[in-house]
Each structure stands twice: as structure tokens, then as C-alpha cells.
Amino acid sequence: MGFFSEVKSALREIFSEFSQPVIWRGRVMNAIIAEGQEAVELESGGVVPDSPFNMKFLESELDGEYPHIGEVVEYNGRLFRIHWVSVRVKRGQVEITLKPIDK
């Protein structure tokens, strides 16, 4: 198994353990949420980011489609707009930066 195959395998394990559901383009996706310590609010559903934060998708779950700046993602009942996208094709994951819409 090549290096990138091993990395992709490890990413699948991480996502299966730590991902959370988000809605993007009407699809429920699994994403890893990276929140800053100062960037969260406690709400009835749990902790929700209140300033920019990053989210990662498995590239294999995107079916060849990639997020674009300006699109909206729903996470934990709130809407967030994509402000940055990092697509390194064939690396196993796609990372985006989101900002709350309702703040």
C-alpha cells in the first residue's frame, strides 16, 4: 500500500470515530469540526461556533463535487457561509472555513 493510500485509510478511521453530521447542498455529510476555544457558544443542542472555524470533509464522500466560497452549510441547527476552501485533489480530504450567517 502506498503512502497516500495509508493516509486515506487513516482519515476514514478518524472520520468514522469523530465526524459530526452537517448539511451541504441538501445532503447530510460527515465532517470533522475544528473549533477555536474562544469561538463557541453554549446552546441547548450543545456547543456551536460563534466565529470562523474549519470543517473537513472526506474527499471520497463528495462524489467529485467540491464546496465553493459563498455556499451555505448547516451545522447543529445553524447556518454558516463558506469563506475559504482548500481542495488538494487526491489527498483524501477537503477543508473549508465557515463564518456564522446570523451574527
Chemist: Quick one: pull up OG in S19 and CG in L58 and give me the separation to the nearest 0.5 Å.
Modeler: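 Spacing of OG (S19) from CG (L58) equals 8.0 Å.
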Chemist: Determine the interplanar angle of the F80 and Y75 rings, folded into 0 to 90°, and report it as parallel if under 30°, tilted if 30 to 60°, perpendicular if over 60°.
Modeler: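 The arrangement is tilted - the two ring planes meet at 30° to 60°.
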Chemist: In Å, rounded to the nearest 0.5 Å, how long is the span from NZ of K56 to CG of N30?
Modeler: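 Rounded to the nearest 0.5 Å, the NZ-CG separation comes out at 15.5 Å.
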Chemist: Not counting sequence neighbours, which residues clear side-chain contact (heavy atoms from CB on, under 4.5 Å) with L79? List them please.
Modeler: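 Checked L79 against side-chain contact (heavy atoms from CB on, under 4.5 Å); matches are V72, E74, I101.
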Chemist: Is the shortest side-chain heavy-atom distance between V85 and I69 below 4.5 Å?
Modeler: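 Sidechains of I69 and V85: in contact.
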Chemist: Considering residues at least two apart in sequence or located in another chain, which fulfil the side chain to side chain donor-acceptor pair (under 3.5 Å) criterion with T97?
Modeler: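 Side chain to side chain donor-acceptor pair (under 3.5 Å) check on T97 returns N54.
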Chemist: My understanding is that only residues two or more places apart in sequence, or in another chain, count here; which of them pass side chain to side chain donor-acceptor pair (under 3.5 Å) with E59?
Modeler: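 Expected list: Y66.
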Chemist: Would you say that F57 contacts I96 through its side chain, given a criterion of any heavy-atom pair below 4.5 Å between the two side chains?
Modeler: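 Yes; the side chains approach each other to less than 4.5 Å.
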Chemist: State, to 0.1 Å, how close P52 and P100 come at their nearest heavy-atom pair, and which atoms those are.
Modeler: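 Heavy atoms of P52 and P100 come nearest at N-CD, 4.5 Å.
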Chemist: Under the side chain to side chain contact (heavy atoms under 4.5 Å, CB included) criterion, do V73 and I23 qualify, and how do the steps go?
Modeler: CA-CA 6 Å; V73 175; I23 299 172; over 6 Å; no
Chemist: With sequence neighbours left out, write down each residue that passes side chain to side chain donor-acceptor pair (under 3.5 Å) with R27, or none if nothing qualifies.
Modeler: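 Counting only residues at least two positions away or on another chain, R27 forms a side chain to side chain donor-acceptor pair (under 3.5 Å) with D63.
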Chemist: Listed by chain and number, what are the side-chain contact (heavy atoms from CB on, under 4.5 Å) partners of E71, not counting sequence neighbours?
Modeler: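 E71 satisfies side-chain contact (heavy atoms from CB on, under 4.5 Å) with W24, R25, P67, H68, I82 once adjacent residues are dropped.
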Chemist: Please report the shortest heavy-atom distance between M29 and E61, naming the atom on each side.
Modeler: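 Scanning both residues completely, I find the closest heavy atoms to be CE-O, 3.5 Å.
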Chemist: Report yes or no: do V87 and W84 belong to one cluster of Ile/Leu/Val/Met/Phe/Trp/Tyr joined by side chain heavy-atom distances under 4.5 Å?
Modeler: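 Cluster IDs for V87 and W84 differ.
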Chemist: Answer yes or no: is there a side-chain heavy-atom contact under 4.5 Å between M55 and I32?
Modeler: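 In short, these two side chains do not touch, never coming nearer than 4.5 Å.
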Chemist: Which residues satisfy the salt bridge (charged side-chain N to carboxylate O under 4.0 Å, His left out) test with R81, sequence neighbours excluded?
Modeler: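 Scan of R81 (salt bridge (charged side-chain N to carboxylate O under 4.0 Å, His left out), adjacent residues dropped) gives none.
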Chemist: With V22 as reference, evaluate I33, N76, V28 under the side chain to side chain contact (heavy atoms under 4.5 Å, CB included) test and give the passing residue.
Modeler: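 Answer after filtering I33, N76, V28: I33.
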